[in-house]
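By convention here, the first residue in the shown sequence is residue 1.
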Amino acid sequence: MVQSGGVGQSLNLQGVLALTTKVLWQPSLAIPKQIVPDMRAIDYRALRRSGHSVIVFDKDNTLTAPYSNSLHPPFREAWAECCSEFGPNVWILSNSAGTPDDKDFAQSCSTSDKGESVRISCAPLFTNCNSQKPGGTEELLQQLNGISPSEIVVVGDRVLTDVVYGNLMGAYTILTRDIITEKGDNWFAAKIRRIERAALSLLGRS
């Protein structure tokens with residue numbers, strides 16, 4: 001177990017190695033459809049006009065500081081725009097909040113369905129699938145009740161979790177390049193993130 005900021009994230013080395021091997025054989029899984037500085041640079045109206053009906057965000061370092069349950073203040077205007085375009089079809093899936101690693105579900109923010117994947121409204125309510133990304137794609141699709149993966153947008157700061165998660169599902173993936181802060185972040189996640197970015201540079205995507 002890796003501990004950071006009062007919340008631990010389970011470190012499944014076998015799973016990480018298996019996933020890395022899969023990506024080595026199929027590098028396209030690690031390549032996002034779009035790279036933006038942060039969620040403010042996303043054209044939410046264009047996504048809706050192109051047929052996307054659901055948007056799924058990672059939490060830590062995509063919308064909030066690590067292990068925080070508050071939206072990063074500079075993102076408020078863009079968040080409101082996103083909610084205006086996607087309405088109730090905004091989801092937040094986290095590998096920390098709402099999982100067994102979230103002690104007493106402190107990060108789950110007013111959700112009664114602790115530890116499960118549930119649809120959220122346009123308020124910063126944080127939850128997760130019972131399995132951590134990049135697992136849990138089938139569970140999410142079941143919750144979306146017939147929505148085609150091609151209609152889904154997945155946004156996050158991590159390649160091996162968020163981008164691979166979305167690409168395995170067949171969604172439109174967006175990588176946020178600039179993280180909010182590494183202060184209080186999981187040290188292992190921070191290290192892997194740097195390796196991921198270096199690998200993207202070698203693939204001509206940065």
Side-chain angles (χ1 to χ4, degrees), residues 4-5 9 19 23 27-48 50 52 54-86 89-97 107 120 122 124-129 132-134 136-137 140 152-169 171-206:
S4 179
Q9 286 190 345
L19 179 61
V23 169
S28 60
L29 286 174
I31 298 177
K33 303 297 190 300
Q34 185 179 356
I35 300 176
V36 297
D38 58 51
M39 60 88 68
R40 293 172 293 186
I42 297 172
D43 190 334
Y44 298 102
R45 179 170 296 179
L47 289 174
R48 289 290 288 125
S50 62
H52 297 100
V54 175
I55 189 163
V56 179
F57 286 93
D58 172 54
K59 184 178 84 69
D60 295 339
N61 266 322
T62 301
L63 294 176
T64 76
Y67 306 104
S68 169
N69 59 13
S70 298
L71 182 71
H72 188 47
F75 293 171
R76 287 172 182 164
E77 184 176 347
W79 178 248
E81 179 187 349
C82 173
C83 291
S84 175
E85 292 294 336
F86 283 88
N89 295 319
V90 180
W91 292 61
I92 301 173
L93 296 184
S94 170
N95 275 355
S96 58
Q107 295 188 71
I120 65 165
C122 285
L125 306 180
F126 307 131
T127 184
N128 190 22
C129 298
Q132 293 184 330
K133 294 175 292 182
T137 56
L140 175 63
I152 302 170
V153 180
V154 176
V155 183
D157 69 301
R158 293 289 314 282
V159 173
L160 282 178
T161 52
D162 306 315
V163 173
V164 172
Y165 174 85
N167 286 340
L168 282 171
M169 190 182 355
Y172 184 86
T173 49
I174 301 177
L175 178 71
T176 53
R177 185 184 64 228
D178 302 337
I179 65 170
I180 295 170
T181 180
E182 285 193 345
K183 183 178 180 180
D185 201 0
N186 180 301
W187 67 269
F188 182 76
K191 184 181 290 290
I192 292 297
R193 186 188 297 111
R194 296 189 193 105
I195 295 172
E196 291 171 349
R197 303 303 169 85
L200 275 182
S201 295
L202 289 175
L203 292 171
R205 298 296 303 270
S206 59

Next item on the list: With sequence neighbours excluded, tell me which residues meet salt bridge (charged side-chain N to carboxylate O under 4.0 Å, His left out) with Glu182.
Entry: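 Salt bridge (charged side-chain N to carboxylate O under 4.0 Å, His left out) check on Glu182 returns Arg193, Arg194.
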Nearest atoms (heavy-atom pairs only) where [X] meets [Y]:
X	Y	result
Ile180	Ala65	CD1-N, 3.9 Å
Val163	Pro32	CG1-N, 3.7 Å
Met39	Leu63	CE-CD2, 3.9 Å
Ser28	Asn167	O-ND2, 3.6 Å
Leu168	Leu29	CD2-CD2, 3.9 Å
Arg40	Pro74	CD-O, 3.4 Å

Once you round to the nearest 0.5 Å, how far does [atom1] of [X] lie from [atom2] of [Y]?
X	Y	atom1	atom2	result
Ile92	Ile55	CD1	CD1	10.5 Å
Ile174	Ile42	CD1	CD1	4.0 Å
Thr176	Ile35	OG1	CD1	10.0 Å
Asp162	Thr173	CG	OG1	10.0 Å

Notebook entry, point to check: Out of Trp79, Phe86, Tyr165, which residue meets the ring-ring contact (aromatic ring centres under 6.0 Å, His included) rule with Phe57?
Noted result: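 In the set Trp79, Phe86, Tyr165, the residue that makes a ring-ring contact (aromatic ring centres under 6.0 Å, His included) with Phe57 is Trp79.
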Check: Between Glu196 (side chain) and Arg158 (backbone), is there a donor-acceptor pair under 3.5 Å?
Finding: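 No, because the side chain of Glu196 does not come within donor-acceptor range (under 3.5 Å) of the backbone of Arg158.
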Check: Do the side chain of Asp60 and the main chain of Pro66 share a donor and acceptor less than 3.5 angstrom apart?
Finding: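 Flag not set: sc Asp60 to bb Pro66 has no pair under 3.5 Å.
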Could I get the full list of side chain to side chain donor-acceptor pair (under 3.5 Å) partners for [X], not counting sequence neighbours?
X	result
Thr62	Asp58, Asp157
Tyr172	Gln34
Thr181	none
Arg76	none

Margin query: Using the rule given for side chain to side chain contact (heavy atoms under 4.5 Å, CB included), can you reason through Asn89 versus Arg48, listing the C-alpha separation, both sets of side-chain angles and the distance that settles it, and then say yes or no?
Written below: CA-CA 11 Å; Asn89 295 319; Arg48 289 290 288 125; over 6 Å; no
Item checked: Stepwise side chain to side chain contact (heavy atoms under 4.5 Å, CB included) check, Glu85 with Leu47 -> CA-CA 9 Å; Glu85 292 294 336; Leu47 289 174; over 6 Å; no
Checklist line | Test ring pair (Phe, Tyr, Trp, His ring centres under 6.0 Å) applied to Phe75 - qualifying residues, sequence neighbours left out | finding: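 Checked Phe75 against ring pair (Phe, Tyr, Trp, His ring centres under 6.0 Å); matches are His72.
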